[in-house]
Amino acid sequence: MFRRTHIICCHTGRHSACILLAFLISAKAQANEYSVDYQVRGGASYNDNEGLSRDDKRETYGARVTVPISFAMRSNRASASLQSEFKSIKFDDSGYNSNDQNYQGDTAYQLERGSVSATAGYLRGSTRSTEFLDTGRIGGVSTRVERLNAGTSASYNLMEDNRAFANLTYGKTEYASPRYIGGTIIGASFGGIHQWTERTSLSLRGNVSRYQNDAVRQLTSDIIGSQAGFNSVLSERLNASLSGGVTYVETSIDSSSPSARSDSNTTGYVINGAVDYEQERYLLSATLARSIRPTGNGDLNIFDQVTVTYRYKLSELNAFEARLLGGNNEALEGSLGNDRTFAQARLGISHKLTQFWSISGEYTYRYQDNGRGAAQSNAVQISITFSPEKYIWSR
């Protein structure tokens, strides 16, 4: 089982080894079935405005190699998995070059009347891939981003139709440029779930968290909120869920400067909704979210976002996918001027060449307007993928 302290105490350069070590210890102690799955993807791309700038538009031609690898183990009561991805991207404009890694692990153990689980992850990426849905500031060159996350949760069945749960989470983001501001967030949530009918459950939760940024004038936000919602299986093919609530935020600024922002408190609402409809050959899903979270601007922002995904199996060898998202974000403190509207449309098609080889093409359109001007980009990417059969063994 993963131990949260193992992950948090690792130095940056050793995160991958720590996560893998925790996974192997878990597997050795619990597993009786293992599996390994991997792919190798290579491709080329073109973008007519890589930095999504309204003035300094930079065309790029690039090549990439991506290797995702998944490990998993399972026993009667326990399970654990580690998903890793190694990516190398090179462009004719070397300012956007990057070598990225992403490790995400999870483990769970089933108790007689409940369960416990833990997650941990480390991302070493760049602003080229992280900032469109965060600050929108990609820039003329990409900046290194490192994100560490860990969490643990537990649930307990109080009686046949009622269950209590509690979660703890930790997140840390660091940037390699003073243009962005990293920070740390620690949170906890607790609540209960009631199985109202065979197909519908009701939930109620409370949450508390603290966010601190890494600015010279450090900002600290204490967040308290509550949410209520439901999850329903409307039919064999249709699922729906919706939750919403109120969040109170109290913010203080550590600075003696008379021109610094003053302390403040704000009340807002959050919402999360999802609908999934699946047929034999296609899947249609939609999500609606309003959240309050920190960004690379060093402040809490309000995000409103709608996402629609459509996947269609054209034949045994061909598949099509479309994903549309749109939204806006604004600073929790209205005077900060971080307001932004954004949209993305992504269309892709894939063809299976042989049992292990496939080829795919993708077009992506991006748009944003931050009040100082609008910018847009068009990008195309062609990839070829090698996907061998998953290797499974037991002991």
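For the pair Glu85 and Arg41, the salt-bridge criterion is met [side-chain N within less than 4.0 Å of a carboxylate O]. Taking a cutoff of 4.0 Å between a charged side-chain nitrogen and a carboxylate oxygen, Lys172 and Asp214 qualify as a salt bridge. With salt bridges taken as basic N to acidic carboxylate O contacts below 4.0 Å, one links Arg74 and Glu33. Taking the charged nitrogens against the carboxylate oxygens, Arg144 and Asp100 do have a contact shorter than 4.0 Å, which makes a salt bridge. Ion pair Glu278/Arg237 not flagged as a salt bridge, since none of the NZ, NE, NH1 or NH2 atoms sits closer than 4.0 Å to an Asp/Glu carboxylate oxygen.
Counting only N and O atoms by type, the side chains of Thr200 and Ser232 include a donor and acceptor under 3.5 Å apart.
Between atom CG of residue Asp92 and atom CZ of residue Arg58 there is a gap of 11.0 Å, rounded to the nearest 0.5 Å. Within the model, atoms CD1 of Ile185 and CG of Leu300 stand 7.0 Å from one another, a figure rounded to the nearest 0.5 Å. Between the OG atom in Ser35 and the CD1 atom in Ile392 there is a gap of 5.5 Å [rounded to 0.5 Å].
Environment of CD1 in Ile382: sparse, with no more than 12 heavy atoms of neighbouring residues, nucleotides or ligands closer than 6.0 Å. The number of heavy-atom neighbours closer than 6.0 Å to NZ of Lys90, taken from other residues, nucleotides and ligands shown, is above 12. Remark: Gln279 CD is packed, more than 12 non-hydrogen atoms of other residues, nucleotides or ligands lying under 6.0 Å away. Surrounding CZ of Arg323 are at most 12 heavy atoms belonging to other residues, nucleotides or ligands under 6.0 Å away.
In this structure, the side chain of Ser88 does not engage the main chain of Thr66 through any donor-acceptor pair within 3.5 Å. Asn49 places a side-chain N or O within 3.5 Å of a backbone atom of Gln376 that can act as its donor or acceptor partner.
Annotation: side chain of Glu330 is not in contact with side chain of Asn301 (no heavy-atom distance under 4.5 Å). Here the side chains of Asn149 and Gln104 are in contact, with some heavy-atom distance below 4.5 Å. Side-chain contact between Val308 and Leu284 is present, with heavy atoms from C-beta onward closer than 4.5 Å. A heavy-atom distance below 4.5 Å is found between the side chains of Leu242 and Ile271. In this structure, Tyr248 and Asp222 have side chains that are not in contact, with every pair of non-hydrogen atoms separated by 4.5 Å or more. Within the 4.5 Å cutoff, no side-chain heavy atoms of Ile292 are placed close to those of Thr266. The shortest side-chain heavy-atom distance between Ser358 and Leu353 does not fall under the 4.5 Å cut-off. Contact check for Arg210 versus Thr220: side-chain heavy atoms found under the 4.5 Å cut-off.
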Chi angles and distances behind the side chain to side chain donor-acceptor pair (under 3.5 Å) call for Thr295, Thr135:
CA-CA 6 Å; Thr295 75; Thr135 64; over 6 Å; no
Side chain to side chain donor-acceptor pair (under 3.5 Å) between Thr127 and Ser142: does it pass, once the steps are laid out?
CA-CA 5 Å; Thr127 52; Ser142 60; 5.4 Å; no
How far apart are the C-alpha atoms of Gln218 and Asn213, what are their side-chain angles, what is the distance that settles it, and do they pass the side chain to side chain contact (heavy atoms under 4.5 Å, CB included) test?
CA-CA 6 Å; Gln218 191 176 70; Asn213 68 15; 3.7 Å; yes
Check the pair Ser387, Gln39 against side chain to side chain donor-acceptor pair (under 3.5 Å), reporting the backbone distance first and the verdict last.
CA-CA 5 Å; Ser387 304; Gln39 293 180 335; 3.0 Å; yes
List the steps and the verdict of side chain to side chain donor-acceptor pair (under 3.5 Å) for Asn157 and Arg113.
CA-CA 5 Å; Asn157 297 324; Arg113 296 191 61 179; over 6 Å; no
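Screening Lys352, His351, Lys313 for a side chain to side chain donor-acceptor pair (under 3.5 Å) involving Asn318 leaves a single residue, His351. For the side-chain contact (heavy atoms from CB on, under 4.5 Å) criterion with Ser153, the lone passing option out of Leu168, Thr119, Thr169, Asn167 is Asn167. Between Tyr122 and the options Gln101, Glu146, Arg147, a side chain to side chain donor-acceptor pair (under 3.5 Å) holds for only Glu146.
Across all non-hydrogen atoms, the minimal contact from Arg54 to Ala374 is CB-O, 3.2 Å. Across all non-hydrogen atoms, the minimal contact from Arg124 to Asn99 is NH1-O, 3.1 Å. A pairwise comparison of heavy atoms in Leu133 and Arg293 identifies O-NH2, 2.9 Å as the closest pair. Residues Thr143 and Ser177 come closest through the heavy atom pair CG2-CB, 3.4 Å. Pairing each heavy atom of Ser75 with each of Asn32, the nearest pair is CA-OD1, 3.4 Å. Pairing each heavy atom of Ser79 with each of Thr107, the nearest pair is O-OG1, 3.0 Å.
Taking the six-membered ring for Trp and thresholds of 30 and 60 degrees, Tyr282 and Tyr310 have ring planes inclined between 30 and 60 degrees apart.
Neither Ile138 nor Val145 shares a network with the other; the hydrophobic side chains, linked directly or stepwise wherever heavy atoms of I, L, V, M, F, W or Y lie under 4.5 Å apart, form separate groups for each. A chain of hydrophobic side-chain contacts below 4.5 Å, direct or via other Ile, Leu, Val, Met, Phe, Trp or Tyr residues, connects Tyr38 to Met73. The hydrophobic clustering, which links ILVMFWY residues whose side-chain heavy atoms are closer than 4.5 Å, places Val36 and Phe356 together. Phe132 and Phe303 sit in two unconnected hydrophobic clusters of ILVMFWY residues. Membership requires side-chain heavy atoms under 4.5 Å apart, directly or through other members. Put simply, Phe386 and Ile384 are part of the same group of oily side chains (I, L, V, M, F, W, Y) that touch within less than 4.5 Å, one to the next.
Alongside Ile181, the hydrophobic cluster contains no other residue (criterion: ILVMFWY side chains under 4.5 Å). Counting side-chain heavy-atom gaps under 4.5 Å among Ile, Leu, Val, Met, Phe, Trp and Tyr, the cluster of Tyr363 also holds Tyr46, Tyr61, Tyr365, Tyr367, Val380.
Seen from the ring of Phe165, Arg205 does not count as a face-on cation partner, given the 6.0 Å and 45° thresholds.
Within the structure, every pair that satisfies the ring pair (Phe, Tyr, Trp, His ring centres under 6.0 Å) test and touches residues 176-222, not counting sequence neighbours, is listed here: Tyr175-Tyr180.
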